[in-house]
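Report on the structure given below.
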Number of protein chains: 2
Amino acid sequence: MLSRTGLYALQAVLYLVRQSNGDAVAAATMAADLGVPPNYLAKVLNRMARSGMLTSTRGAHGGFRLASDPGELSVEDVVGEFEELLPLEKCLLGGGCDPTSPCSAHRRRVEWHGVRRDILRHTPLLSLLGPQAVPEDREVPHHRLVESMIKVS
Amino acid sequence: MLSRTGLYALQAVLYLVRQSNGDAVAAATMAADLGVPPNYLAKVLNRMARSGMLTSTRGAHGGFRLASDPGELSVEDVVGEFEELLPLEKCLLGGGCDPTSPCSAHRRRVEWHGVRRDILRHTPLLSLLGPQAVPEDREVPHHRLVESMIKVS
DNA sequence: GGTTATTCGGACATTAAGATCCGATTAACC
DNA sequence: GGTTAATCGGATCTTAATGTCCGAATAACC
């Protein structure tokens with residue numbers, strides 16, 4: 001469900017959260033610490049900087065910093081930039097139902113899409129760092145979980 | 001999370017469930033009805049036949065049939081064949097923790113893997129065909145859902 | 001102002017998944 | 001037994017994601 005790229009983004013942000021002295025971190029050191037491909041991580045970081053999630057400074061002592069309070073971030077905030085799952089033209093069951101009056105299976109897929117986004121949006125980034133930090137842990141019906149795992153698009 | 005191939009497998013089995021007269025269905029007709037690439041679907045069906053989920057008969061009036069009662073099948077039964085997500089050598093947070101004494105983040109990932117499999121295993125295939133057919137719909141903690149979406153391996 | 005450490009971003013390479021092609025085999029039907 | 005309709009499975013092509021390389025820009029420090 002998460003692309004490798006999205007996973008790198010998540011790792012990078014979590015890394016910066018754990019660093020949390022004010023220093024910028026160079027892409028190369030971050031990559032070495034995380035054990036991920038340095039040049040590719042650089043690209044991912046660059047993209048995150050352009051999207052406003054990180055700030056970057058060039059030159060000596062440069063690198064990347066979090067642009068905002070990580071306590072405010074959701075998983076979706078981090079990962080959304082890298083996950084394009086928009087179109088839903090085709091019906092899972094193969095009926096040629098058109099977008100204006102979709103069949104029931106079709107409608108469910110659209111729902112799933114929303115469910116997934118919703119869940120990622122409502123999950124605080126920091127909750128991934130430990131079981132202690134999960135505020136308001138809502139229960140989700142079992143079958144919806146499966147639905148959210150099914151690739152949309 | 002589901003590969004496209006896994007999705008094809010799911011579509012194919014659901015298609016056969018909905019057919020449900022005793023006739024075998026040719027890969028080509030199934031592909032046409034579902035709107036998926038015929039030659040590729042043929043390969044997927046072939047693999048399912050070899051794994052024992054479908055039976056295949058060659059020649060005229062040949063094609064594919066379900067090998068067993070679909071009511072007994074879980075989503076995992078259908079999809080598991082196509083989803084290899086085994087190794088977990090590396091720790092998400094980059095600490096070089098070894099497999100014998102993994103760090104807490106590492107341990108969580110192992111959990112996630114199990115959670116995902118468990119969920120797919122406990123979801124009846126037929127529950128995907130409509131909201132009516134979901135027996136014993138257990139509730140799952142929200143954060144576990146997110147964990148299960150994070151790509152394992 | 002020169003040197004050094006870094007990001008920036010475009011061009012290119014690699015890889016795995018997805019998809020296609022086709023000849024060989026097999027079963028039904030005449 | 002020949003024809004037809006299907007699976008079988010190996011070889012190959014395509015595409016998108018991932019990953020590498022490198023020159024240019026830029027900021028800190030001497």
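Letters go in sequence order (proteins before strands), and every chain restarts at 1.
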Distance in Å, [X] [atom1] paired with [Y] [atom2], rounded so as to fall on 0.5 Å steps:
| X | Y | atom1 | atom2 | answer |
| --- | --- | --- | --- | --- |
| A/Y8 | A/L34 | OH | CG | 10.0 Å |
| B/L16 | B/L54 | CG | CG | 6.0 Å |
| B/L66 | B/T55 | CG | OG1 | 8.0 Å |
| A/L126 | A/D69 | CG | CG | 8.0 Å |

Whole-Å gap separating [atom2] ([N]) and [atom1] ([X]):
| X | N | atom1 | atom2 | value |
| --- | --- | --- | --- | --- |
| B/M30 | D/dA6 | CE | P | 12 Å |
| B/F64 | D/dC8 | CZ | C1' | 9 Å |
| B/F82 | C/dA19 | CZ | P | 13 Å |
| A/R58 | D/dG23 | CZ | C1' | 12 Å |
| A/N39 | D/dT20 | CG | C1' | 6 Å |
| B/L7 | C/dA19 | CG | C1' | 16 Å |
| B/D23 | D/dT7 | CG | P | 14 Å |

Regarding [X], tell me which of base, sugar-phosphate or nothing describes its non-hydrogen contacts under 4.0 Å with the strands shown.
| X | result |
| --- | --- |
| A/A27 | sugar-phosphate |
| A/Y8 | sugar-phosphate |
| A/A28 | nothing |

Should [X] be listed as having a side-chain N or O under 4.0 Å from OP1 or OP2 of [N]?
| X | N | value |
| --- | --- | --- |
| B/Y40 | C/dA17 | no |
| B/H61 | C/dC29 | yes |
| A/T57 | C/dT7 | no |
| B/S56 | D/dA6 | no |
| B/S3 | C/dA17 | no |

* To do: Name every residue in residues 45-52 of chain B that has at least one heavy atom under 4.0 Å from any atom of DNA chain C, in order of residue number, or write none if there are no such residues.
  => none
* Asked: Which heavy atom of B/R65 sits nearest a heavy atom of B/T57, and at what distance?
  ->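 Of all heavy-atom pairs spanning B/R65 and B/T57, the closest is NH1-OG1, 4.1 Å.
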* How close do B/A31 and B/P37 get, heavy atom to heavy atom, and via which atoms? -> CB-C, 4.4 Å
* **A/E81 (side chain) donor-acceptor with A/S51 (main chain) under 3.5 angstrom** =>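 The answer is no, because no donor-acceptor pair under 3.5 Å joins these two groups.
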* Taking the nucleotide of DNA chain D with the closest heavy atom to each, which residue, A/G6 or B/V25, is nearer the 5' end? -> B/V25
* Asked: Hey, which of these two, B/A60 or A/G59, hits DNA chain D nearer its 5' end, going by closest nucleotide?
  -> B/A60
* Indicate, yes or no, whether a donor-acceptor pair under 3.5 Å links the base of D/dT18 to the side chain of A/R4. =>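 Donor-acceptor pair under 3.5 Å: no.
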* To do: Give a yes or no on whether a donor-acceptor pair under 3.5 Å exists between the nucleobase atoms of C/dG10, that is its base, and the side chain of A/K43.
  =>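 Side chain to base: pair present.
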* **Pairwise ring-ring contact (aromatic ring centres under 6.0 Å, His included) hits with a residue in residues 44-71 of chain A, at least two apart** =>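 Listed by first then second residue: nothing to list.
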